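Shown next, in structure tokens, is the structure this report addresses.
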Amino acid sequence: MLDLKFIRENIGLVRENIKNKNESTQVDSILELDEKRRKVIQEVESLKNIRNVVSKEIAELKKNKQDADDKIASMKDVSDKIKLLDEELRLIEAEIEQVVLRIPNMTGPDVPVGKSAADNKIVRQWGNPKIQAIKKNHIEIARNLDIIDFERGGKVSGSGFAFYKGKGAKLERALINFMIDFHTDNHGYTELLPPFLVNRNSMLGTGQLPKMAEDMYHATEDDMFLIPTAEVPLTNFHSDEMLSTPDLPIKYCGYSPCFRREAGSYGKDVRGFLRVHQFNKVEMVNFVRPEDSWQRLEDLTNEAEDIVKALGLHYRLLLLCSGDTSFSSSMTYDIEVWSPGEENWLEVSSCSNFTDFQARRANIRFRPEPSAKPEFVHTLNGSGLATSRIMVALLETYLNEDGSVSVPSCLVPYTGFDKI
RNA sequence: GGAGAGGUGGCAGAGUGGUUGAAUGUGGCGGUCUCGAAAACCGUUGUGCGGGUAACUGCACCGAGGGUUCGAAUCCCUCCUUCUCCGCCA
């Protein structure tokens, strides 16, 4: 979330940012509420001061075995007033919190203002599009090879779920292991294998709640949520902590399945693996000093790109415009790989700088100097990568004319076979 | 799920309802001593929110949230969590 002081002093910028991000949060009530809040604080605190002073006098009188009944009686009234004002303050602050939690992060200085995906900026492209001899999409390829079973996924769970089978399952595991090893061996990451269910507080910490509540699978009995991305447990790993400064930057990567309800999306763009309710992803999360976060975003993005290059997939890098930049993010790069079967770009990674937005929500701090005040760290994360759409691009890119699919050489040590 | 015992500063660990933001130890920082270091000694050392240009000052915080009281780290209730034991289960 944003700092209340920042909102107070920059209300115009905050309004403009909300508009640029295509959000509709109403912030008009904030200034008035904030003023009311400070007025009540001053009132109640001066009463509490009286109470504290008189209580000491009462203690003194009692110690000397003197009568304190008058003072005690007069304090009764003060105490009642304090209770009323405290309650009023609590309500005001709850109201402020409800608004502040719904205000999106400020976009960074380099983010182009724009409405939709059409306004995103293409930063660079790598590789060349593969031309298939006979056009086939991943669903046909997978069905022919009997490596993915969408029908039984639908029967057992519902549409948007699938079974990986035989070499398909092994290829999926190979992708996950390859990507984790790549990050830990080449980029200095520490692996975390996180819980897949998290509590409400964690979902608030990274900003999925309250805004995205409808997209979450919610276990109501225990008020727990299936994670939509490993970003949630990996970032909240350090919630409510004071990070040891020499340890920064901290870099974690981790595999998890990701669960998304994707409420209300059906049709051509969602068939097969293009949009599913459960997919696998390796996520990278960084905790850095504030002055380092913009450079780290560039480096983090490169780390994700390195994986796509290793897999030999044609891709492009996009800088998202304000309207496409997510609620919690300040600036986001998307990596999209080319799907020869769909003849379309598929998002496989999103790399974002969240500045201090998540750190303030999740209370993750560090001390810049040993004697200095604690500050919020900056958090970043990037997919590295989401496997289901990578699988689409792999099958369609490495399809041979005889219907078999070759395995990219970097994966062969993990699969034990070079062809499906 | 049941029974019991805990949760106090960076860490360890005291704390009879009334100068307790909190003893003591330890760690950190500064200093004395030293060529330098160690030891010893002295000093200092939490966070958040208000007010003030500032020096400074008020309030809150002892797992979380309520309650009792003129006054709560201390008493009561609910919840979370850790440990020990029992039960159930993969």
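Each chain gets a letter, A, B and so on, in the order the sequences are listed, and its residues count up from 1. In this text, all values refer to a predicted model and were calculated from it rather than measured experimentally.
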Name all pairs fulfilling the ring-ring contact (aromatic ring centres under 6.0 Å, His included) condition that reach into residues 204-224 of chain A, sequence neighbours left out, sorted by first residue then second.
-> A/His218-A/Phe225
Take atom P in B/C70 and the same atom in B/G48, then report the distance between them in whole Å.
-> 34 Å
Taking A/Arg365 for the side chain and A/Phe376 for the main chain, is one N or O donor matched with an acceptor at less than 3.5 Å?
-> no
Audit row: A/Asp418, A/Ser406, side-chain contact (heavy atoms from CB on, under 4.5 Å) steps and yes/no | CA-CA 6 Å; A/Asp418 59 8; A/Ser406 299; over 6 Å; no
Looking at A/Glu88, A/Glu32, A/Glu93, which one forms a salt bridge (charged side-chain N to carboxylate O under 4.0 Å, His left out) with A/Arg37?
-> A/Glu93
A/Lys39 NZ to B/C49 C1': how many Å, rounded?
-> 18 Å
Figure out the CG/C1' separation between A/Asp86 and B/G50, and round it to whole Å.
-> 14 Å
Between A/Phe237 and A/Tyr252, ring centroids under 6.0 Å = yes
Hey, is the side chain of A/Arg38 poking within less than 4.0 Å of OP1 or OP2 on B/G58, counting only N and O atoms?
-> no
Specify the separation, in whole Å, of atom CD of A/Glu35 and atom C1' of B/G51.
-> 15 Å
How long is the line joining CD1 of A/Ile96 and C1' of B/G50, in whole Å?
-> 13 Å
Any chance the rings of A/His378 and A/Phe357 have centres within less than 6.0 Å?
-> no
Scan residues 163-185 of chain A for pairs that pass salt bridge (charged side-chain N to carboxylate O under 4.0 Å, His left out), counting only residues two or more places apart or in two chains.
-> A/Asp146-A/Lys165
Considering only the C1' atoms, how many Å lie between B/A3 and B/U20, rounded to the nearest integer?
-> 35 Å
Considering only atom P, compute the distance from B/A22 to B/C59 and round it to an integer number of Å.
-> 13 Å
Taking only Lys NZ, Arg NE, NH1 and NH2, and the carboxylate oxygens of Asp or Glu, determine whether A/Lys251 and A/Glu303 approach each other closer than 4.0 Å.
-> yes
With pairs defined as Watson-Crick or G-U wobble and both distances under 3.5 angstrom, please note down RNA chain B as a dot-bracket string, | for pairing with another strand.
-> ((((((((.[[[..)..(.....]]]((((((.......))))))((((((....)))))).[[[[[..)....]]]]])))))))....
Parallel, tilted or perpendicular: ring planes of A/Phe161 versus A/His277, cut at 30 and 60 degrees | tilted
Write down the distance separating the C1' atoms in B/C42 and B/G7, rounded off to the nearest Å.
-> 35 Å
Assign each of A/Glu93 and A/Ala59 to its nearest nucleotide of RNA chain B by heavy atoms, then name whichever residue's nucleotide is nearer the 5' end.
-> A/Ala59
Interatomic distance at P, B/U69 relative to B/U16, whole Å = 24 Å
Rounded P spacing from B/G28 to B/A38 in Å = 10 Å
Residue pairs fulfilling salt bridge (charged side-chain N to carboxylate O under 4.0 Å, His left out) with at least one residue in residues 223-235 of chain A, sequence neighbours excluded = A/Arg200-A/Asp223
Determine the interatomic distance between C1' on B/C41 and the same-named atom on B/C33; round to the nearest Å.
-> 9 Å
Could you tell me whether A/Lys48 contacts a base, only the sugar-phosphate backbone, or nothing, with contacts defined as non-hydrogen atoms closer than 4.0 Å?
-> sugar-phosphate
Distance check: side-chain N/O of A/Asn49 vs OP1/OP2 of B/G58, anything under 4.0 Å?
-> no
Distances under 3.5 Å between nitrogen or oxygen atoms of protein and nucleotides 66-71 of chain B:
unit_1: B/C70; atom_1: OP2; unit_2: A/Lys76; atom_2: NZ; d: 3.1
unit_1: B/C70; atom_1: O4'; unit_2: A/Ile72; atom_2: O; d: 3.2
unit_1: B/C70; atom_1: O3'; unit_2: A/Ser79; atom_2: OG; d: 3.4
unit_1: B/G71; atom_1: OP1; unit_2: A/Ser79; atom_2: OG; d: 2.5
unit_1: B/G71; atom_1: O4'; unit_2: A/Ser55; atom_2: OG; d: 3.4

When rounded to the nearest Å, what value does the distance between P atoms of B/G27 and B/G13 take?
-> 16 Å
Under 4.0 Å between a Lys/Arg side-chain N and an Asp/Glu carboxylate O for A/Lys115 and A/Asp119?
-> no
Return the 5'-most residue of the pair A/Lys56, A/Val53 with respect to RNA chain B, ranking by each residue's nearest nucleotide.
-> A/Lys56
Quick one: A/Asn201 CG to B/C79 C1', roughly how many Å, whole number?
-> 14 Å
Go through A/Arg15 and A/Asp28 one step at a time and tell me if the salt bridge (Lys or Arg N to Asp or Glu O under 4.0 Å) criterion holds.
-> CA-CA 9 Å; A/Arg15 277 207 190 92; A/Asp28 298 339; 3.1 Å; yes
Atom pairs, N/O to N/O, protein against nucleotides 45-48 of chain B, distance under 3.5 Å?
unit_1: B/U47; atom_1: OP1; unit_2: A/Arg367; atom_2: NH1; d: 3.1
unit_1: B/U47; atom_1: O3'; unit_2: A/Arg365; atom_2: NH1; d: 3.4
unit_1: B/G48; atom_1: OP2; unit_2: A/Lys373; atom_2: NZ; d: 3.3

Atom CD of A/Gln42 and atom C1' of B/G52 are separated, to the nearest Å, by 11 Å
Please work out if A/Arg360 contacts a base, only the sugar-phosphate, or nothing of the nucleic acid, heavy-atom cut-off 4.0 Å.
-> nothing
Just how far, in rounded Å, is P of B/G65 from CD of A/Glu87?
-> 14 Å
In whole angstroms, how far is the C1' atom of B/A60 from the CD1 atom of A/Ile82?
-> 12 Å
Carboxylate-amine/guanidinium proximity below 4.0 Å for A/Glu87 and A/Arg90 | yes
